[in-house]
Amino acid sequence: MQNGLAEGALPDKVDRSFMTLDSQIAVRSDGLFDPTSVTWKVSRENILLAGGMTAAILQVAHPSIAHGVNEYSDFRESPLRRLHNTLLAVRTIAFGTREQVAKTRAQIARIHEMVKGSLPDGRTYSAFDPDAQLWVLSTLFQTSVFLYERWISPLSAEEKHAYWREYRIFGEVFGLTPDYGPQSWQEFCIYYQEMVSGNLLGSDPVSATVAQGIEFPSRPFWLVPVSKMLHFTVSEFLPSPVRERLGFRSTPRNVGALNIADRFVPSLLSALPARLRFNRAYREALKRNAP
């Protein structure tokens, strides 16, 4: 697989025959998704954390999100807090009970209610802006698919479609209306490619400022060397031209580090016991839903 989250073949046209798979999105008794869902298959993997920083940086490439993070978060003091909260919410939605998901939805709504302001060009922004919400959802989805296929196994077109349809449920919990934006995997591919090749992402200088602050934190002290060690994932996973607009670049050294990861990570994952390979939310959900 090639480097970069933007790459991959795009469909010549939208094939709505996949829409028949919607009926296969099952609901279990105590949560939103069935243990046989693509969400359970993909989201249980701890290795997806390797793409968390990339997803967070792609999110702030959107001007509205960048200004919201810059003005309403403490990313300079706690660069991982927003990412941690987002990943916690994703895992709760994927594997939590309906009660837990309801609490998460209410918490997200309370936080989003405060995030609003004005952009330099006079336009307003809000955490309830559907364009921004769709972009956040898309970065999480695309990063998950990209890393799963890179280091674990390919997903079929049917699985990708089902996974995106399931991710639309994630979007509803985050506040995105179900009929806004791409409805199928192929429509998503077209939308995502247009976003990363368009002029919006990285167009505001604040995006680069926030992105650099996330990727190169000055505190806590332990995060500084870890960030440097994992910098190759950001520099090589970010798509062009967004990568360059945010002040990052691909280097031979980082390409080499990624090649080493590509060689050893799949074997490492296959050798790991379940308690290390799969996240705790998934393992707890398995116990709750055991026969």
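Salt-bridge annotation for R280 and E284: present, with a side-chain N of the basic residue lying under 4.0 Å from a carboxylate O of the acidic one.
Considering all non-hydrogen atoms of both residues, P178 and R168 come closest at O-NH2, 3.3 Å. A pairwise comparison of heavy atoms in D204 and P63 identifies CB-CB, 4.0 Å as the closest pair.
Ring centroid separation for the pair H67 and Y72 does not come in under the 6.0 Å cut-off. For W40 and F95, the ring centers are positioned less than 6.0 Å apart. For an aromatic pair to be called close, the ring centres must be under 6.0 Å apart, and Y192 with W135 satisfies this.
No hydrogens or angles considered: a donor-acceptor pair under 3.5 Å links the side chains of S240 and E244. W151 and D262 share a side-chain donor-acceptor pair at under 3.5 Å. If you check the side chains of E159 and Y148, you find no donor sitting under 3.5 Å from an acceptor. In this structure, a donor-acceptor pair under 3.5 Å is absent between the side chains of D30 and T97. If you check the side chains of T139 and Q59, you find a donor sitting under 3.5 Å from an acceptor.
Of the possible polar contacts, none joining the N70 side chain to the T209 backbone as a donor-acceptor pair under 3.5 Å is found. When atom types are taken as modelled, the side chain of R105 and the backbone of F174 share no donor-acceptor pair closer than 3.5 angstrom. Panel note: side chain S207, backbone G202; no donor-acceptor pair is recorded below 3.5 Å. Side-chain atoms of E187 come within 3.5 Å of backbone N or O of Q183 as a donor-acceptor pair. Judged by distance alone, with hydrogens and angles left aside, the side-chain atoms of S235 form a donor-acceptor pair with the main-chain N or O of F232 at under 3.5 Å.
Not counting sequence neighbours, the partners of S197 by the side chain to side chain contact (heavy atoms under 4.5 Å, CB included) test are Q193. Applying the side chain to side chain donor-acceptor pair (under 3.5 Å) rule to T86 yields no partners; only residues at least two apart in sequence or on another chain are considered.
Annotation: cation-pi geometry satisfied between R44 and F278 (NZ/CZ under 6.0 angstrom from ring centroid, within 45° of ring axis).
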